[in-house]
Student: 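For reference, the structure I am asking about is given below.
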Amino acid sequence: MTPKLRGKSAIVGTGHAGFGEAHGLTAYDVMAQSALAALGDAGLKLSDVDGLFCTMMEDSMPALMAAEYLGIQPRFIDGTMTGGSSFVNYLTSATMALEAGLCDVALIVYGSNQRTASGRLVTASRPPAYEAPYNPRYPISAYAMAAARHMHEFGTTREQLADVAVAARAWAQHNPEAFERGPLSLEDVLGARMVADPLTVRDCCLVTDGGGAIVMVRADRAKDFPKAPVYVLGSAAESSHRQISQMKDFTVTAARESGARAFDAAGVSPADIQVVELYDAFTINTILFLEDLGFCAKGEGGAFVEGGRIAPGGVLPVNTNGGGLSCVHPGMYGIFTVIEAARQIRGDAPGIQLRDVDLALAHGNGGVLSSQVTAILGSQNTL
Amino acid sequence: MPDATGPDQIFQRALTNGEIVLPRCDDCGAYHFFPRVLCPHCHGTAISWHPASGKGRVHTTTVVRQKLERGGDYNVCVVELEEGVRMMSRVEGIAPRDIVIDMVVTAFVGGAEGQPAVLFKPAEV
Ligand SMILES: [Zn+2]
């Protein structure tokens with residue numbers, strides 16, 4: 001997105017369903033419940049939706065399946081699959097489609113029942129041919145190797161990685177919607193079962209069910225809905241690789257580029273951002289993205305998260321819902337970064353509600369640090 | 001098997017014969033991996049094949065933890081070859097936990113999942 005599209009679209013509804021365990025429901029059931037929740041939030045009906053932005057882990061044509069299930073016949077559809085970042089990426093395509101008049105009501109939606117269906121991360125993707133023979137465990141082996149390299153180059157410690165998990169849990173403990181709300185100490189994380197060195201099971205996101213949905217309209221009618229509109233001020237993507245063995249620098253992600261362009265479109269800088277929602281599939285993600293988005297210098301992410309600095313009461317509120325580490329992680333988490341950012345701005349966050357939030361950042365990650373998408377959202381005051 | 005013609009076929013055929021060959025671009029001179037019909041650096045399409053030096057260095061590494069009854073812990077790493085390309089692999093002949101970043105390693109053709117594959121062992125000093 002360029003500055004030309006700044007504030008041209010707004011989120012007027014958010015919803016979710018099936019957090020934790022959605023017993024007896026299919027992924028499409030959870031998707032549909034999420035859609036209804038978001039449309040209800042916006043005071044709209046399914047029949048109002050004429051733009052659908054959706055991908056799932058279930059099928060090769062999930063957006064078509066979703067439209068069919070919902071009983072709608074969208075005149076604009078985007079099912080671009082970049083992994084968990086897809087839903088942040090749809091903010092750009094939805095804004096473009098709305099602004100161009102290709103649709104009037106855009107529904108971004110996702111659902112998964114991966115926890116109750118199998119208890120494992122479900123993925124429709126095949127292991128890459130030149131990596132599969134070595135049995136990497138996806139996606140954790142990839143993130144473990146990124147973490148190992150970060151520790152090697154910058155002296156980042158396992159304690160600092162653990163700080164990320166502890167901070168996420170501290171936020172989640174205040175969020176009744178979060179799946180894991182028990183106490184979690186640094187010692188708990190460090191003493192947890194190692195899964196892929198240097199990452200323990202507590203450095204990994206949850207495996208839950210859940211779905212989320214977002215309703216967007218053109219800014220010129222955004223005030224006609226029950227909830228305060230949340231404007232998309234900037235959003236930008238950059239993709240660097242698909243297979244982890246092809247990542248040029250394991251300590252630098254394309255969030256550097258996506259972030260810089262999102263900030264440019266929004267006309268703000270990291271120092272202006274009041275709350276940050278990052279896709280924390282693993283603890284190393286939070287550190288990498290804080291660096292690459294410009295909240296601290298490269299290599300200083302470990303020190304930045306130390307000692308509760310991103311926990312409640314710290315210097316920067318990060319993943320205020322508890323993140324993928326402690327709130328919800330139904331295979332793809334990206335949409336929840338946008339939902340929590342929007343709710344912080346609207347003032348109806350489910351957990352700790354920060355005061356007077358006008359500017360929030362949501363960042364999606366897809367693949368194995370492959371696709372990076374940054375969005376900057378703002379209140380009416382930021383237009 | 002008829003003559004190998006595609007990039008993947010050429011690479012796999014060489015492995016079957018116990019050789020490791022790498023694609024290099026005739027236009028810019030840079031190696032690339034994985035094999036493909038164009039050079040990802042300059043996008044030239046004149047590609048020729050060269051025996052790999054076999055010299056590499058562990059760029060990053062992890063130990064995939066696994067219960068003993070399922071085969072135990074094993075290594076997954078990314079090795080950077082002297083030619084400048086990187087590949088996923090594993091280092092054998094050393095405990096997975098003793099494999100460290102920057103370790104100098106030597107390539108050999110071994111077996112992975114019942115197929116010939118590029119593996120590494122610690123380089124002899
Ligand atoms: Zn070339």
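Residue numbers start from 1 in every chain, and the chains themselves are labelled A, B, ... in the order their sequence lines are given, proteins ahead of strands. Quantities reported herein were computed from a predicted structural model and do not represent experimental measurements.
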Student: Counting only heavy atoms closer than 4.5 Å, note whether B/S89 contacts chain A via side chain, backbone, both or neither.
Tutor: both

Student: Tabulate below the donor-acceptor pairs under 3.5 Å that side-chain atoms of residues 50-57 of chain B make, not counting sequence neighbours, or state none.
Tutor:
| from | atom 1 | to | atom 2 | distance (Å) |
| --- | --- | --- | --- | --- |
| B/H50 | NE2 | B/S48 | OG | 3.1 |
| B/S53 | OG | B/K55 | N | 3.1 |
| B/S53 | OG | B/E82 | OE1 | 3.0 |
| B/S53 | OG | B/E83 | OE2 | 3.3 |
| B/R57 | NH1 | B/D102 | O | 3.3 |

Student: Please name all residues satisfying side-chain hydrogen bond (donor to acceptor under 3.5 Å, both in side chains) with A/Y134, sequence neighbours left out, ordered by chain then number.
Tutor: none

Student: Under a 4.5 Å cutoff for heavy-atom pairs, which residue among B/P40, B/P96, B/G114, B/P35 has the most contacts with chain A?
Tutor: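 Option with the top pair count is B/P35.
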
Student: Within residues 243-259 of chain A, which positions have a heavy-atom distance to chain B below 4.5 Å?
Tutor: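 The residues closer than 4.5 Å to chain B, in numerical order, are A/Q243, A/I244, A/S245, A/Q246, A/M247, A/K248, A/F250.
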
Student: Determine which residues belonging to residues 67-78 of chain B lie within contact range of chain A, meaning some heavy atom pair is under 4.5 Å apart, and list them by number or answer 'none'.
Tutor: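 Residues in range: B/Y74, B/V76, B/C77, B/V78.
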
Student: What's the verdict on side-chain contact (heavy atoms from CB on, under 4.5 Å) for A/L325 and A/T283, showing C-alpha distance, side-chain angles and the deciding distance?
Tutor: CA-CA 8 Å; A/L325 290 168; A/T283 50; 4.0 Å; yes

Student: Should the pair B/F33 and A/Y130 be assigned to parallel (<30°), tilted (30 to 60°) or perpendicular (>60°) ring geometry?
Tutor: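 It falls in the perpendicular class, over 60°.
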
Student: Taking the ring of A/H150 and the ring of A/Y143, is the distance between their centroids below 6.0 Å?
Tutor: no

Student: Do you see a donor-acceptor pair shorter than 3.5 Å between the side chains of A/S86 and A/N89?
Tutor: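 No - no donor-acceptor pair under 3.5 Å links their side chains.
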
Student: State the OG1-OH distance between A/T208 and A/Y333, to the nearest 0.5 angstrom.
Tutor: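 It comes to 10.0 Å.
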
Student: Determine, for A/E291 against A/K298, whether the closest basic-nitrogen to carboxylate-oxygen distance falls under 4.0 angstrom.
Tutor: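 Between A/K298 and A/E291 there is a salt bridge, with a charged N closer than 4.0 Å to a carboxylate O.
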
Student: Under a 4.5 Å heavy-atom cut-off, does chain A meet the side chain of B/V118, its backbone, both or neither?
Tutor: both

Student: What's the spacing between B/M87 CE and B/L119 CG if we round to 0.5 Å?
Tutor: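 Spacing of CE (B/M87) from CG (B/L119) equals 10.5 Å.
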
Student: With side-chain contact (heavy atoms from CB on, under 4.5 Å) as the criterion, how do B/F120 and B/V91 come out once you've worked through the C-alpha distance, each side chain's angles and the decisive distance to 0.1 Å?
Tutor: CA-CA 5 Å; B/F120 291 84; B/V91 182; 4.2 Å; yes

Student: One pair to check against side chain to side chain donor-acceptor pair (under 3.5 Å): A/N365 and A/Q372. What are the steps and the verdict?
Tutor: CA-CA 5 Å; A/N365 163 69; A/Q372 304 300 327; 2.8 Å; yes

Student: Please flag which part of B/E80 lies under 4.5 Å from any non-hydrogen atom of chain A: side chain, backbone, both or neither.
Tutor: neither

